[in-house]
Amino acid sequence: MYEFVAFYIFAIATTILFLITVMSKNVLYSMTSLAAGMVLISGLFFLLGADFLGVVQLIVYVGAVMALYAFAMMFFDATKDVKEKQQNPQLVFLLGGLMALVFVIMFSAPVIGDNIQALYPVVDGVGNAQAVGMVLFTKYLVPFEVAAVMLLVAMIAGIILAGKKMDYSLTKCEAIDEEMSVELEKGEE
Amino acid sequence: MIGVNHYLVLSGLLFSIGFIGVLRRKNLLMLFFATEVMLNAVNIAFAAIGSYYGDLSGQMFAFFIIAVAASEVAVGLGLLILLYKKYGSLDLDVISSMKG
């Protein structure tokens, strides 16, 4: 009963929040509702017994990714409403609705295979974080290391792309150069 | 008790919401938000199936998806900042240079 109530609260709230994310015209509202929806999704992970995944979701998504978006929004004008020209809104909703219908039929059909066996079964007697650690550092060690290298590459790419020439406008560089040369000429005079 | 199908249906609905967002958004930052919604929906499905079979592989895949999403955001936001500096807008209609 408790799980039932919790699941439906989390599910309905997440759906509404993500709908706001997708439909809102304001970047700030959109980002805030996305962050709140991610917090509620971590609640779903806790319900599923994936404690460590829920904590990682909170730390990485709500903490790191949303903070990154918040910092990036300083570069863009976030207070203005986003104007988007919709060419064919009905078609979009038709496609999305059809896709949702197909998913719901697919997933609610009792077609779960019986011959599937757990490759790395949950170990009894240890917590979720411990069990995850045991599988992650034995069976999934190579993908783990590759993911570490990928994060390093992403960090370097982020620094190179956004961090270089922060004080230097890429679009206005010619204007600035002209101003500089004018000032230099004035100085010489 | 709730079965795995509830979680899967929720995941499918959230994925469709993200899909609608990707189709209808014209602002690149909003497009990024919609992809985050889709990635989160897939994570729910992985965790649900993993818990249904008592298998930890689902959670592992969800971890790697989170790692991929984090690096995607880092690189993507860098590119967005460059695009904004170049064009002064993030609207796809404004920055599209290939008239196809």
Side-chain angles (χ1 to χ4, degrees), chain A residues 3-4 7 11 14-15 18-19 21-22 27 30-31 34 38 41 44-45 48-50 53 56-57 60 64-65 68 72 75-76 82 84-86 89 92-93 95-96 99-100 103-104 107-108 116 118-122 131-132 135-136 140 143 147 150-151 154-155 157-158 161-162 169-171, chain B residues 1-2 4-21 23-27 29-30 33-34 36-37 40 43-44 47-48 50-51 53-57 59-60 62-64 66-71 73-75 77-82 84-86 88 90-91 93:
Chain A
E3 194 192 353
F4 190 80
F7 172 79
T14 315
T15 313
F18 280 170
L19 272 175
T21 304
V22 168
V27 180
S30 190
M31 199 193 73
L34 182 65
M38 282 168 174
I41 281 186
L44 285 173
F45 288 153
L48 282 166
L53 186 59
V56 166
Q57 165 96 5
V60 174
V65 170
L68 208 57
F75 291 93
F76 318 125
V82 176
E84 286 167 317
K85 194 180 67 182
Q86 299 299 336
V92 168
F93 283 102
L95 281 176
M99 192 171 165
F103 269 131
V104 169
F107 287 150
S108 57
I116 300 178
L119 205 56
Y120 307 118
V122 178
V132 164
V135 177
L136 189 62
Y140 286 90
M150 185 189 65
L151 284 169
M155 186 185 78
L161 284 173
S169 169
L170 290 175
T171 48
Chain B
M1 289 300 269
I2 348 170
V4 69
N5 284 359
H6 286 62
Y7 287 99
L8 290 181
V9 168
L10 172 70
S11 155
L13 285 178
L14 291 182
F15 191 86
S16 308
I17 290 174
F19 180 73
I20 289 177
L23 284 184
R24 77 183 283 273
R25 283 300 195 192
K26 285 290 172 61
N27 187 292
L29 193 62
M30 298 295 211
F33 290 159
E36 297 293 330
V37 170
N40 267 296
N43 272 353
I44 294 178
S51 103
Y53 286 114
D55 192 348
L56 281 171
S57 300
Q59 290 180 39
M60 294 301 133
F63 286 130
F64 290 124
I66 288 179
V68 168
S71 36
V73 167
V75 178
L77 281 177
L79 288 172
L80 281 195
I81 289 169
L82 280 190
Y84 191 74
K85 277 180 179 168
K86 194 171 179 193
L90 284 180
D91 200 298
D93 291 331

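Fair warning: this is a prediction, and the values are worked out from it, not measured in the lab.
- Looking at every heavy atom in both residues, B/Arg24 comes nearest to A/Val22 through NH1-O, 3.2 Å.
- Of the residues considered (A/Val60, A/Thr14, A/Leu68), A/Leu68 shows the highest number of contacts with chain B, using heavy-atom pairs under 4.5 Å.
- With a 4.5 angstrom heavy-atom cutoff, B/Ile17 touches chain A via backbone and side-chain atoms both.
- Using a 4.5 Å cut-off between heavy atoms, A/Leu34 contacts chain B through its side chain alone, with no backbone atom that close.
- For the residue pair B/Phe19 and A/Gly96, the shortest heavy atom distance occurs at CD2-CA, 4.2 Å.
- Within the 4.5 angstrom heavy-atom criterion, only side-chain atoms of A/Ile41, from C-beta onward, approach chain B.
- Heavy atoms closer than 4.5 Å to chain B are found in both the backbone and the side chain of A/Val104.
- For B/Phe33, the parts lying under 4.5 angstrom from a heavy atom of chain A are both the backbone and the side chain.
- When heavy atoms are compared at a cutoff of 4.5 Å, B/Asn27 approaches chain A by way of both its backbone and its side chain.
- For B/Leu80, the parts sitting under 4.5 Å from any heavy atom of chain A are the backbone and the side chain alike.
- Proximity to chain B (any heavy atom under 4.5 Å) is restricted, for A/Ala147, to the side chain, taken from C-beta onward.
- Listed options B/Ser57, B/Gly50, B/Ala67 were ranked by heavy-atom pairs under 4.5 angstrom with chain A; first place goes to B/Ser57.
- Contact record, A/Ala11 with B/Leu10: CB-CD1, 3.7 Å, taken as the closest heavy-atom pair.
- Interface residue B/Phe64: only side-chain heavy atoms are found under 4.5 Å from chain A.
- Contact annotation for A/Phe18: both backbone and side-chain heavy atoms come within less than 4.5 Å of a heavy atom of chain B.
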Check the pair A/Phe103, B/Ser11 against side chain to side chain contact (heavy atoms under 4.5 Å, CB included), reporting the backbone distance first and the verdict last.
CA-CA 9 Å; A/Phe103 269 131; B/Ser11 155; over 6 Å; no

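- Note on A/Ala72, A/Ser30, A/Gly158: by heavy-atom pairs under 4.5 Å with chain B, the leading option is A/Ser30.
- Listed here is the closest heavy atom pair of B/Phe15 and A/Met99: CE2-CE, 3.1 Å.
- Counting all heavy atoms, side chain and backbone alike, B/Ala34 lies closest to B/Gly21 at CB-C, 3.8 Å.
- Proximity to chain B (any heavy atom under 4.5 Å) is restricted, for A/Met38, to the side chain, taken from C-beta onward.
- Side-chain contact between B/Met30 and B/Leu90 is absent, with no heavy atoms from C-beta onward closer than 4.5 Å.
- Between chain B and the residues A/Ala50, A/Ala157, A/Gly49, A/Ala64, the most heavy-atom pairs under 4.5 angstrom are made by A/Ala50.
- For the atom pair A/Leu19 CG and B/Ile20 CD1, the distance stands at 7.5 Å (nearest 0.5 Å).
- The two atoms that bring A/Leu48 and B/Ile44 nearest to each other are CD1-O, 4.3 Å, heavy atoms only.
- Of the residues considered (B/Leu56, B/Val75, B/Leu29, B/Val68), B/Leu56 shows the highest number of contacts with chain A, using heavy-atom pairs under 4.5 Å.
- Here the options are A/Val132, A/Val135, A/Val56, the test is side chain to side chain contact (heavy atoms under 4.5 Å, CB included), and the partner is B/Gln59; only A/Val132 passes.
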